[in-house]
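Below is one structure; the comments refer to it alone.
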Number of protein chains: 12
Amino acid sequence: MYVVKSPLSDADLKIVGEALQGALVDLIDLSLLAKQVHWNVVGSRFRSIHLQLDEVVAVARVHSDTVAERASALGVSPDGRAATVAGASGLGTVPEGWIKDADAVGALVSALGAAITRMRGRVEATEQPDPVSQDIFIGITADLEKHHWMFQAENV
Amino acid sequence: MYVVKSPLSDADLKIVGEALQGALVDLIDLSLLAKQVHWNVVGSRFRSIHLQLDEVVAVARVHSDTVAERASALGVSPDGRAATVAGASGLGTVPEGWIKDADAVGALVSALGAAITRMRGRVEATEQPDPVSQDIFIGITADLEKHHWMFQAENV
Amino acid sequence: MYVVKSPLSDADLKIVGEALQGALVDLIDLSLLAKQVHWNVVGSRFRSIHLQLDEVVAVARVHSDTVAERASALGVSPDGRAATVAGASGLGTVPEGWIKDADAVGALVSALGAAITRMRGRVEATEQPDPVSQDIFIGITADLEKHHWMFQAENV
Amino acid sequence: MYVVKSPLSDADLKIVGEALQGALVDLIDLSLLAKQVHWNVVGSRFRSIHLQLDEVVAVARVHSDTVAERASALGVSPDGRAATVAGASGLGTVPEGWIKDADAVGALVSALGAAITRMRGRVEATEQPDPVSQDIFIGITADLEKHHWMFQAENV
Amino acid sequence: MYVVKSPLSDADLKIVGEALQGALVDLIDLSLLAKQVHWNVVGSRFRSIHLQLDEVVAVARVHSDTVAERASALGVSPDGRAATVAGASGLGTVPEGWIKDADAVGALVSALGAAITRMRGRVEATEQPDPVSQDIFIGITADLEKHHWMFQAENV
Amino acid sequence: MYVVKSPLSDADLKIVGEALQGALVDLIDLSLLAKQVHWNVVGSRFRSIHLQLDEVVAVARVHSDTVAERASALGVSPDGRAATVAGASGLGTVPEGWIKDADAVGALVSALGAAITRMRGRVEATEQPDPVSQDIFIGITADLEKHHWMFQAENV
Amino acid sequence: MYVVKSPLSDADLKIVGEALQGALVDLIDLSLLAKQVHWNVVGSRFRSIHLQLDEVVAVARVHSDTVAERASALGVSPDGRAATVAGASGLGTVPEGWIKDADAVGALVSALGAAITRMRGRVEATEQPDPVSQDIFIGITADLEKHHWMFQAENV
Amino acid sequence: MYVVKSPLSDADLKIVGEALQGALVDLIDLSLLAKQVHWNVVGSRFRSIHLQLDEVVAVARVHSDTVAERASALGVSPDGRAATVAGASGLGTVPEGWIKDADAVGALVSALGAAITRMRGRVEATEQPDPVSQDIFIGITADLEKHHWMFQAENV
Amino acid sequence: MYVVKSPLSDADLKIVGEALQGALVDLIDLSLLAKQVHWNVVGSRFRSIHLQLDEVVAVARVHSDTVAERASALGVSPDGRAATVAGASGLGTVPEGWIKDADAVGALVSALGAAITRMRGRVEATEQPDPVSQDIFIGITADLEKHHWMFQAENV
Amino acid sequence: MYVVKSPLSDADLKIVGEALQGALVDLIDLSLLAKQVHWNVVGSRFRSIHLQLDEVVAVARVHSDTVAERASALGVSPDGRAATVAGASGLGTVPEGWIKDADAVGALVSALGAAITRMRGRVEATEQPDPVSQDIFIGITADLEKHHWMFQAENV
Amino acid sequence: MYVVKSPLSDADLKIVGEALQGALVDLIDLSLLAKQVHWNVVGSRFRSIHLQLDEVVAVARVHSDTVAERASALGVSPDGRAATVAGASGLGTVPEGWIKDADAVGALVSALGAAITRMRGRVEATEQPDPVSQDIFIGITADLEKHHWMFQAENV
Amino acid sequence: MYVVKSPLSDADLKIVGEALQGALVDLIDLSLLAKQVHWNVVGSRFRSIHLQLDEVVAVARVHSDTVAERASALGVSPDGRAATVAGASGLGTVPEGWIKDADAVGALVSALGAAITRMRGRVEATEQPDPVSQDIFIGITADLEKHHWMFQAENV
C-alpha cells in the first residue's frame with residue numbers, strides 16, 4: 001500500500017483532502033458543462049459566447065489539474081472519473097439540446113455562482129489546516145468570480 | 001425550434017449522428033480516465049507514464065471537440081455532459097485510488113482497445129452516408145491505434 | 001507544349017480536372033465575397049461578424065491554393081483569373097453597398113450552402129477516378145460545413 | 001538648463017510643440033477613457049466591446065509614447081501627468097458608473113470624433129514647419145478613423 | 001440608411017473615394033493574377049518565380065484590405081466583388097494556361113507597371129483632399145515599385 | 001439598474017470596494033507618472049532609467065487592470081478617469097519639465113514609497129472581508145517593493 | 001515473443017504490412033537520394049534545387065516515420081535499415097559524383113515518378129483491408145505528386 | 001552605509017530576514033544537489049530522472065532568486081555564497097560519486113522533505129510580520145511538495 | 001545595357017537619385033561608425049552605451065538597405081562600396097582607439113546631427129519630384145532624431 | 001568536368017576527403033539504425049528510449065549534412081546513397097524485428113562506441129592537413145560521446 | 001561498480017578528469033558569486049551591473065553543465081556539491097553585505113581574471129590527451145575573456 | 001590611458017592583434033561588397049543571388065563583430081572605420097554599376113577566395129600564441145569555404 005509522508009496531521013488532511021476532492025469534481029464538471037454549451041448555443045450572440053466558453057473550459061482544466069495534483073502531493077488519491085463527477089458535482093446541470101444565447105449565459109451565471117459559493121467555503125475551511133491549499137483555492141476563486149462577472153454583465 | 005439545413009438525408013443523418021455521439025462520449029471518457037491515471041499512477045515508471053497520459057488527454061480533447069462540432073454542423077445536438085458520459089461510455093472504468101505503473105499501462109491498453117473497436121465500427125458505418133464524418137473517424141482511429149501500440153509495447 | 005505525365009487516365013483526368021477547376025472558382029469567389037461582407041457589414045454585431053468573415057477568407061484562400069496546385073500536379077492548368085471567377089462561380093453574389101448584420105449572416109449561409117452542395121458533388125464524382133483529390137474535397141467540405149453551421153446558429 | 005539643439009526654428013518649434021503636447025494629452029485621455037468603458041460596460045454586447053476597447057487602449061498607448069518622444073526629440077518637454085490630462089484633454093468625458101453597451105459605443109464614437117477633428121488640425125498645422133511630425137499625425141489619424149468607423153458601424 | 005460622419009467634404013470625398021475604389025480593384029486583381037501565374041508558370045526558373053509571386057500576392061492582399069477599410073472609414077462602401085474586379089481592373093490580363101518563365105516575368109512587369117502608373121495618379125489626386133489616404137497610396141507605390149524592379153531586373 | 005450578485009456582505013463590500021478603487025487610482029497615477037519621467041529624464045544615466053521606468057509602467061498597467069476588473073467582479077463600478085486620478089491619487093506629483101537622473105530616481109523612490117504604504121494598508125484592511133482581493137494586493141505590494149528597492153539602491 | 005493485438009485479420013494484416021514496409025523503404029531511399037543530389041548538384045540553378053531538395057527530404061522523413069509507426073501500431077515490425085533500403089527500394093538510383101542541375105531535376109522526376117506509381121498501388125491495395133492505412137498513403141501520394149509536378153515544371 | 005527604508009518594524013524584519021536567508025540557502029543547495037544527482041545518476045531509469053532533476057533545478061533557481069531579491073527589497077543583504085550554502089543548508093548532503101537510480105530518487109525525497117519542513121516553518125513564522133513574504137513561501141512550498149510527491153510516487 | 005523604365009522624368013530622377021545615393025553613404029557610414037564606438041568605448045557607462053550603439057547600427061542597416069533598394073527600383077545603381085563611403089560620407093569621423101564614454105556620446109551626437117541636417121535637406125529636395133522617396137527620408141529622419149535626442153539627453 | 005579550387009593540397013585533400021566520406025557513411029547509418037530501434041523497441045522502458053533515440057537521429061542527421069557539405073566545399077563529391085551506406089558503414093548492424101529495451105540500449109552503446117573510435121581517428125588524421133575539418137570532427141565526437149555515456153549509464 | 005568504457009587511456013583520463021573537475025568548481029562558484037553581487041550591488045550603476053551579472057550567471061551555468069556532463073561522458077564522476085565548491089574554487093570570494101558598484105565591477109574583474117588563468121592552463125593541459133575537452137575549454141575561455149573585457153572597460 | 005590586463009605576452013599579442021584586425025577589415029568589406037552586389041545584380045538568376053548574398057552579409061556581420069570584440073577582449077583596439085576598410089581590405093573590389101548574374105557570382109567566388117586564403121593564414125599564425133582566437137578563425141573559415149563552394153557550384 002502506497003503511503004505519502006504527508007506534511008499535515010490526519011485531522012487536517014481529512015479537511016483539506018475533502019476540499020480538494022470537492023473542488024476537483026466541480027472544476028471537471030464546469031469544463032464539461034461549458035463545453036456542452038459551447039457546442040449547443042444558438043442565437044445572434046453565438047460566436048461571442050462560443051469563444052468565451054472555451055476560455056472557461058481552459059481555466060477549469062488548468063485548475064482541475066492543479067487541485068488533483070495537490071491532492072496527490074498530500075497523499076490523497078484524487079477521483080475525477082466520469083461517474084464520480086456525475087454523482088458529486090455541486091454545479092447543477094445544463095439542459096439537453098440546443099440552447100438559446102441568453103439561456104446559455106444564464107446557465108453559466110448559475111453554474112459559476114454555485115462553484116464560487118462552494119469554493120469560498122473551501123478557502124475558509126483550509127485557512128488553518130493548510131495555507132498552501134488555501135492559496136490555490138483563493139486563486140481559483142478569483143478566476144471564477146471574474147468569469148461570473150463577465151457573464152452577469154452580458155445578461156443585463 | 002432550431003433546425004440546421006443538413007446536407008444528409010434523415011436516414012443517413014441518424015446513422016452518422018449516432019456514430020458522432022458515441023465517439024464523443026468515448027473520447028471525453030478517455031480524457032477523464034487518462035487524467036485519472038495521470039494523477040494516481042505510482043511506481044518506478046511514474047514520470048514516463050504520467051507524461052505519456054497527458055498526450056492521450058490532449059489527443060482525446062482535440063478529437064472530442066472535433067466530433068461534437070461535426071455533430072452540430074450536421075444539425076445534431078451533441079451531448080457531452082458528465083452524466084451522459086458516465087452512462088454511455090464504452091471504455092470500461094479504471095479502479096479507484098492509487099494504481100501501480102504496470103496496471104496503469106494495462107488499463108490504458110484495455111481502454112484504448114475498446115475505443116478502437118468501436119471507432120472502427122463507426123468508420124465502416126459512415127462510409128456510405130457521410131465520407132466527411134468517416135474521414136474524421138479514420139484520423140481518430142490512427143491516433144488511438146498509435147497510442148495503443150505504445151502502451152502495449154511498454155507492457156512486454 | 002508542356003505535358004505533365006499524369007498518373008490518371010485521360011477519362012479520369014477529365015472528371016477530376018473539372019472538379020478541381022470548379023472548386024477553385026468557388027473558393028476564390030468565397031474569399032472575395034467574404035471580404036466584401038467583412039468590409040461592408042454594419043449593425044450591432046459588426047465586430048463579431050467582421051472577425052468571423054476573416055476566418056472564412058483564410059480558409060477559402062488556403063483551400064483555393066491547394067486545389068489549384070492539385071490541378072497543376074495532375075497536369076491540368078488551373079484558371080483563377082477574375083473574369084473566370086466572375087463568370088463561373090456557383091455561389092451567387094452579394095448585394096452592393098452596406099449590408100446589415102443579419103443580412104450578412106444570411107448571405108454567408110446561402111453562399112456556403114451553395115458551395116457545400118457543389119463540393120459534395122465533387123467528393124462523389126472523384127471517388128473512383130482519384131481518391132487523392134477526393135480526400136482534398138472531403139477536407140474542404142468539413143471546413144465549409146463547420147462555418148455553415150456557425151452562421152446558421154447565429155441567425156436563429 | 002537642458003537645451004536640445006532642435007532642427008527647427010523657434011517659430012516652427014512653437015507650432016509643432018503645441019501640436020505634439022495637444023496630441024499627447026488627447027491620446028492619454030483616450031487610453032484612460034477607453035479603459036474606463038472596458039471595465040464598466042454592461043449589456044449583451046459586453047464581451048465584444050470589452051475586447052474592442054482594449055485594442056483602442058493599445059493604439060492610444062503606442063501613439064502617446066510616440067508623440068511624447070517626438071516632443072523630447074525636438075527639445076520640447078512633454079507633459080502627460082494626470083492633472084494635465086484632466087485639465088487639457090479635448091475629448092469630453094464619459095459618465096461615472098456602469099454604462100450600457102449602446103451608450104458605450106456612442107461614447108467612443110463621440111470621443112474618437114473629437115480626437116480626429118483635433119488631429120486633422122495638427123496634420124494641417126505641421127505640414128510646413130515639420131513634415132516629420134506631420135507624418136506621425138497622419139499615421140495616428142488613420143488609426144483613429146479606422147476605429148471611429150468600426151464603432152459607428154456598430155451603432156447602426 | 002447607414003451614414004458615416006465623414007471628416008471630408010463631399011467634393012473631397014468623391015475624389016478620395018474613387019481613388020480608393022480604383023486601388024482596391026487593381027490590388028485584388030493583382031493578387032488573383034499573381035496567383036494565376038504562381039500556379040501556371042513553367043520553365044527552369046519555375047521555383048524562384050513561383051515563390052516570388054506569393055510575395056506579390058501577400059503584399060497585394062494586405063494593401064487591398066487597407067484601402068477597402070480606409071474607404072469604409074470615410075463612409076464609402078468598397079466593392080471588391082469578382083465581377084467588379086473583372087470589369088474595372090486596369091491591369092490587363094494574363095493568358096490562359098501554362099506560361100513560360102520569361103513570359104511570366106514579363107506579365108508581372110507589365111501588370112505592375114500599369115498598377116504603378118495608376119497608383120501614382122492617386123498619390124497626386126489625394127494630396128489636397130486627404131493626406132491620410134495619400135500616405136497609404138505612397139506606401140503602396142513604394143512596394144509596387146520594389147517588386148516592379150525585381151521582375152525587371154530578372155528579365156535582363 | 002445593473003446589480004451583480006456579490007459574494008460579499010454589504011459591509012465587507014464597502015471596505016473592499018474602497019480599497020480596490022484606491023489602488024486603481026494609485027496604480028494609474030503610477031503608470032502616468034513613470035511615463036512622464038521616462039520622457040523627461042536627462043543625465044548620464046538617461047538610458048538605464050528610461051528603460052527601467054517602462055518596466056514600472058508595464059507593472060502598473062497590468063495591476064491597474066486587475067484591480068479594476070476585481071472591483072467589477074464584486075459589483076463595484078471602478079473609476080479610472082483622468083479627473084478622478086488627478087484628484088484622488090495618493091502618490092504626490094512629479095515636477096514639470098526636464099528632470100535630472102538623480103532627481104528622477106528620487107521621484108520614483110518617493111512615489112513608490114507612498115504607493116507601498118497605502119497598499120499595505122489595503123492588505124490589512126481586506127484580510128477578513130475578502131482574502132481573494134487581499135491576495136491581489138499582496139502580489140502588487142511584492143512588485144512595488146521590488147521596484148522600490150531597485151530605485152533606492154540606485155541613489156546610494 | 002512480442003505480440004500486438006492487431007485490429008486486422010491475418011490476411012488483411014499481410015497485405016497492409018507489405019504495403020507499409022514497401023512505402024517505408026521507398027521513402028527512406030527518397031530521403032537519402034534527395035540529400036545525395038542536394039550535396040552534388042552543380043550548375044546555375046544550384047541554389048534553387050539545393051533548397052528544393054531539402055523540402056523533399058523533410059517530407060520523405062516525416063512520412064517514413066509515419067508509415068513505420070503505423071506498421072508498429074498494427075503489430076508488424078518495420079525494417080528501415082540501410083541494407084534493406086539498398087536492397088528493396090523501387091526508386092532506382094542516382095549516379096555517383098557531381099550532377100548537373102538539369103540532370104538533378106530529371107533524377108528527381110524519375111525517382112518521384114516511380115515512388116508515385118508504387119504508392120498509388122498501395123492506396124488501391126489497402127482500401128478494403130485498412131482504410132486507416134489507406135488514408136496515410138493518400139496523404140503521402142498527394143505530397144509526392146505535388147513535388148513531382150514542381151520538378152517536371154522546372155525541366156520544360 | 002546603505003539603508004533601505006524598510007516597510008517592516010525592526011522586530012518583524014529580523015524574523016522575516018532570517019526566514020528569507022534560510023530559504024535562500026536551502027534553495028541554492030537544492031539546485032546544486034539536484035544538478036549533482038543529474039550528472040551522477042546511473043541505472044535503467046537514468047534518462048527519466050536526469051530530466052526530472054533539471055526541472056527541480058529550474059524551480060530552485062527561480063525561487064532562490066525571488067527570495068534573495070525579496071530580502072534586498074526589505075533592506076536585508078542576502079548571502080548566497082558557496083561557503084555560506086555549504087555551512088548553513090538544512091538539506092543534508094548527497095554522497096560522492098555515481099548514484100543508482102533508486103538511491104537518487106531516495107536522495108531527492110529526503111532533501112525535498114527537509115526543505116518542506118523548514119519552508120512550512122517559514123510560512124508560519126512570517127504570517128504576522130509580513131504576509132507578502134509569507135505568500136512567496138507558500139508558493140515555494142506548493143512547488144516543493146509537488147516535486148516531493150513525484151519522487152515519492154516513483155520509489156513505490 | 002540594363003535600363004529600368006523609371007516612373008520619374010530624367011530631371012526628377014537626377015535629384016532623387018542623388019538624394020538616395022547620399023543617404024546610402026551616410027547611413028552605411030553611420031553603421032560603421034557606431035560599431036566602431038560600440039567596440040572601443042570605455043568608462044563606467046560602457047555597457048549602456050555599448051548596447052545603445054547596437055540599436056543605432058540596426059536602424060542604420062535597415063534604412064541603408066531601404067534607400068539602396070529604392071534607388072534600384074528607380075533605375076539608379078546604388079554605390080555602397082567601402083571606398084565610396086570613405087570618400088563621400090558627410091558624417092565626419094571618429095578618432096582611432098579607445099574612447100571614453102562621454103566622448104563616445106559626444107561623437108554620436110555630432111554624427112547624428114550631421115546626418116539629420118543632410119537628411120532634412122533630402123526631405124525638402126524630393127517633395128516635388130518623388131513623394132515616395134520623400135516618405136522614406138521622413139521616416140529615416142524621425143529615427144535619427146529620436147536617437148539624437150537620447151544621446152543629447154545623456155550628456156547633460 | 002566540375003573542379004572546385006580547393007584550399008588544400010592534393011595529398012591533404014585525399015586524407016581529409018576520406019575522413020569526411022567515412023564520417024558521412026557512419027552518421028547516415030547511425031541515423032537509420034537509431035530510427036530502426038526507435039520503431040522496434042519494446043519493454044517497460046519503451047517510451048524513454050523511443051524519445052531518446054529521436055535525439056540521436058536528430059544529431060546524426062545534422063552532423064551528416066555538415067560533413068557532406070564540408071566535402072563539397074573542399075571539392076570532394078560526397079556519397080550518401082543507400083547502397084554506399086550499407087556497404088561501407090563501420091557501425092555494425094542491429095537485428096531484424098522487435099528488440100527488448102535492454103538490448104536496444106546495448107545496441108546503441110555498441111554502435112556509438114564504434115562510431116566514436118572511428119571519429120577519434122579522423123580527429124587525429126586531419127589535425128595537420130585541415131584544422132577546419134578537424135574542428136568539425138571534434139564537435140561531432142563530443143556529441144557522440146555524450147550520447148554514448150547516457151546509454152551506458154542506462155544499462156547499469 | 002559502474003565503469004564507463006572511456007575513449008582515453010588512464011593517464012590521459014587523469015589529466016582531463018582533473019581539468020574538468022576544476023573547471024566545474026570554478027564555474028559553479030562563478031555563478032554563485034555573480035548572483036551574490038547581482039543581489040547586493042548598490043550605487044548609481046546598479047541596474048546596468050545587476051543585468052550584466054545575470055548574463056555572467058547564465059554563461060557560467062551553461063558551461064558548468066557542459067563540463068560536468070563531459071566528465072560523466074569520460075567516466076569521471078563530477079562533484080559540484082556546495083562543500084566541494086566552497087573548498088576547491090580558485091576564484092577567491094566576494095565580501096559579505098552590500099557592495100558599491102565600482103567594487104562590484106572590481107570583484108568581477110578579479111574573479112574572472114582568476115578563472116581565465118586557470119582555464120587557459122586547462123586548454124594547454126588537455127591539448128594532447130583530449131582535443132575534445134580542450135575544444136570545450138577554448139570555448140569557455142572565449143566567453144570568460146569577453147566578460148572580463150567588459151567589466152575592465154567599465155572601471156576605467 | 002586604458003590598459004586591459006591581457007592574458008597573452010606582448011609578442012603573442014602583436015601576432016594575434018594583427019590577425020584580428022586583418023580579419024575585421026576583410027569581413028566588413030565582405031559585408032559591404034556583398035550588399036553592393038545584392039543591390040546591383042541583374043539577370044535571370046537575380047532573385048536567387050539577391051537572397052544568397054544576404055546570407056553572406058549576415059555571416060560577415062556576425063563574424064566581424066566577433067573578431068572586433070575578441071580584439072577588445074585582448075586589449076587591442078579594433079579599427080573598422082570606412083577609411084580603414086577601404087584602405088586595408090584584401091578582397092579586391094567589385095565594379096561600379098549594374099552587374100550581370102554570372103559576373104556577380106564570379107565576383108563573390110573571387111572575393112571569398114581571397115578572404116579564405118588570408119583567413120587560413122591567420123589560423124596558422126595564431127595556433128601557438130592563442131588557440132582561443134584560432135578557434136574563432138577556424139569557424140569563420142568553415143563558413144567562408146561553404147559559401148565559396150556554393151558560388152563555385154553555381155557558375156559551372
Side-chain angles (χ1 to χ4, degrees), chain A residues 1-4 20-21 24-43 46 50 53-54 57-58 61 64-73 75-89 91-101 107, chain B residues 1-4 20-21 24-43 46 50 53-54 57-58 61 64-73 75-89 91-101 107:
Chain A
M1 183 60 207
Y2 171 63
V3 181
V4 159
L20 289 163
Q21 174 61 31
L24 174 60
V25 164
D26 284 1
L27 289 163
I28 294 177
D29 200 31
L30 179 59
S31 77
L32 295 178
L33 179 158
K35 265 292 182 198
Q36 176 71 9
V37 182
H38 168 83
W39 297 320
N40 282 284
V41 62
V42 297
F46 163 80
H50 181 72
L53 284 162
D54 252 1
V57 171
R61 282 178 177 171
S64 67
D65 204 56
T66 300
V67 298
E69 299 206 339
R70 178 73 195 150
S72 291
V76 178
S77 161
D79 186 351
R81 296 171 299 169
T84 308
V85 174
S89 164
L91 267 63
T93 186
V94 290
E96 198 185 357
W98 308 114
I99 182 165
K100 269 295 267 169
D101 44 19
Chain B
M1 185 58 210
Y2 171 65
V3 182
V4 159
L20 289 164
Q21 174 62 29
L24 174 61
V25 164
D26 284 1
L27 289 164
I28 293 176
D29 200 32
L30 180 58
S31 77
L32 295 179
L33 179 158
K35 266 291 182 196
Q36 175 72 8
V37 182
H38 170 81
W39 298 320
N40 283 286
V41 62
V42 298
F46 163 81
H50 181 74
L53 284 162
D54 252 1
V57 171
R61 283 178 176 171
S64 68
D65 204 57
T66 301
V67 297
E69 300 205 338
R70 178 73 195 148
S72 292
V76 176
S77 161
D79 186 350
R81 296 171 298 168
T84 308
V85 175
S89 164
L91 269 63
T93 186
V94 290
E96 197 184 0
W98 308 114
I99 182 166
K100 268 296 266 171
D101 45 18

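Residue numbers start from 1 in every chain, and the chains themselves are labelled A, B, ... in the order their sequence lines are given, proteins ahead of strands.
Using a 4.5 Å heavy-atom threshold, the side chains of A:His38 and A:Val57 count as separate. Looking at B:Lys100 and B:Val41, their side chains never come closer than 4.5 Å, going by heavy atoms from C-beta outward. Under the 4.5 Å side-chain criterion, counting only non-hydrogen atoms from C-beta, A:Asp65 is not in contact with A:Arg61.
Between chain B and the residues A:Asp79, A:Val85, A:Leu33, the largest count of heavy-atom pairs under 4.5 Å involves A:Asp79. Note: A:Asn40 leads A:Leu32, A:Thr84, A:Asn40 in heavy-atom pairs under 4.5 Å with chain B. Ranked by heavy-atom pairs under 4.5 Å with chain B, the first of A:Gly87, A:Ala82, A:Ala83 is A:Ala82. With respect to chain A, the highest number of heavy-atom pairs below 4.5 Å among B:Gly43, B:Gly75, B:Ala71, B:Ser89 belongs to B:Gly75. Among the candidates A:Gly97, A:Ser64, A:Pro78, the residue making the largest number of heavy-atom pairs closer than 4.5 Å to chain B is A:Pro78.
Interface residue A:Gln36: only side-chain heavy atoms are found under 4.5 Å from chain B. In this structure, chain B has a heavy atom under 4.5 Å from the backbone of A:Val76, while its side chain stays farther away. Residue contact with chain B, scored on non-hydrogen atoms closer than 4.5 Å, is absent for A:Ser31. Using a 4.5 Å cut-off between heavy atoms, A:Leu24 touches chain B through its side chain atoms alone. Residue contact with chain B, scored on non-hydrogen atoms closer than 4.5 Å, involves the side chain of A:Asp29 exclusively.
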Evaluate side-chain contact (heavy atoms from CB on, under 4.5 Å) for B:Val37 paired with B:His50, printing each intermediate quantity in order.
CA-CA 8 Å; B:Val37 182; B:His50 181 74; over 6 Å; no

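Going from atom CG of A:Leu20 over to atom CG of A:Leu27 covers 10.5 Å, rounded to the nearest 0.5 Å.
Judged purely by atom type and a 3.5 angstrom limit, B:Ser72 uses its side chain to pair as donor or acceptor with the backbone of A:Trp39.
The minimum heavy-atom distance between B:Ala107 and B:Ile99, with the atom names listed, is CB-CD1, 4.4 Å.
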